[in-house]
Amino acid sequence: MTTPYRCPNCRTNRTRFNIIQQVPQSVKLDPQSGQVVQQYDEGNLDPFHLAYNGPGLKVQCAACGLVEDEMTFKKFGESNL
């Protein structure tokens with residue numbers, strides 16, 4: 001996190017952000033009850049269960065509440081320094 005951030009929504013915030021670490025949990029649910037039937041580790045997913053491949057971090061602007069990928073805030077922070 002050595003790149004400056006700037007919120008693309010409110011356009012003024014450059015200092016107050018919430019860093020959200022995403023920790024995926026792979027599970028199989030019962031379709032009727034919604035109860036967890038099986039919990040998977042990364043190494044033992046079944047053939048029909050894709051592994052999570054989204055971003056590890058999300059960022060929330062602490063001024064307006066916008067939540068986006070970290071790259072969005074980085075790219076907007078690089079412009080108009």
Side-chain angles (χ1 to χ4, degrees):
M1 197 165 43
T2 57
T3 306
Y5 286 173
R6 185 164 65 129
C7 179
N9 187 47
C10 66
R11 299 176 185 252
T12 57
N13 181 24
R14 292 179 176 270
T15 58
R16 300 181 194 284
F17 301 96
N18 297 312
I19 306 299
I20 304 164
Q21 295 181 1
Q22 299 195 129
V23 181
Q25 182 179 6
S26 298
V27 296
K28 183 176 182 179
L29 301 179
D30 180 272
Q32 274 72 35
S33 68
Q35 294 289 327
V36 174
V37 175
Q38 187 173 2
Q39 201 165 3
Y40 300 104
D41 293 330
E42 279 187 42
N44 73 347
L45 295 176
D46 69 25
F48 296 107
H49 198 114
L50 294 175
Y52 177 74
N53 63 355
L57 291 177
K58 290 270 192 177
V59 176
Q60 180 182 33
C61 174
C64 73
L66 177 72
V67 177
E68 288 288 338
D69 289 346
E70 182 185 31
M71 190 56 66
T72 304
F73 285 88
K74 282 183 175 181
K75 288 294 183 186
F76 206 76
E78 291 171 357
S79 63
N80 298 331
L81 291 175

Which pair of non-hydrogen atoms, one from [X] and one from [Y], has the smallest distance, and what is that distance?
X	Y	value
Pro55	Lys58	CG-CE, 4.2 Å
Ala62	Asn13	N-ND2, 3.9 Å
Leu50	Leu45	C-CD1, 4.1 Å
Gly77	Arg14	O-NH1, 4.0 Å

Can you check whether Phe48's main-chain N or O pairs, donor with acceptor, with Asp46's side chain at less than 3.5 Å?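 Side chain of Asp46 to backbone of Phe48, a donor-acceptor pair under 3.5 Å: yes, one is there.
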Donor-acceptor contact present, side-chain Asp30 to main-chain Ser33, <3.5 Å: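 Checked: pair present.
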Using the rule that two of Ile, Leu, Val, Met, Phe, Trp, Tyr join whenever any of their side-chain heavy atoms come within less than 4.5 Å, decide whether Leu66 and Ile19 are in one cluster.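 Yes, because Leu66 and Ile19 connect within a single hydrophobic cluster, where side-chain heavy atoms sit under 4.5 Å apart.
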Can you hop from Val59 to Leu57 via hydrophobic side chains spaced under 4.5 Å?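 Yes; tracing contacts between hydrophobic side chains, which count when under 4.5 Å, links both residues.
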Answer yes if the side chains of [X] and [Y] hold a donor-acceptor pair under 3.5 Å, and no otherwise.
X	Y	answer
Tyr5	Glu70	yes
Thr72	Asp69	no
Gln22	Tyr52	yes

Are Gln60 and Ile20 side-chain neighbours, meaning at least one heavy-atom pair lies under 4.5 Å?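 Yes, at least one pair of side-chain atoms sits under 4.5 Å.
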Taking the side chain as every heavy atom from C-beta outward, state whether Gln39 and Gln25 have any atom pair closer than 4.5 Å.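 Gln39 reaches Gln25 side chain to side chain.
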Check step by step if side chain to side chain contact (heavy atoms under 4.5 Å, CB included) holds for Cys61 and Arg16. CA-CA 7 Å; Cys61 174; Arg16 300 181 194 284; over 6 Å; no
Find the distance between CD (Glu78) and OG1 (Thr3) and round it off to the nearest 0.5 Å.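 Taking CD in Glu78 and OG1 in Thr3, the distance rounds to 6.0 Å.
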Apply the test side chain to side chain contact (heavy atoms under 4.5 Å, CB included) to residues Phe73 and Met71: give CA-CA distance (whole Å), side-chain angles for both, the deciding distance (0.1 Å), then the verdict. CA-CA 5 Å; Phe73 285 88; Met71 190 56 66; over 6 Å; no
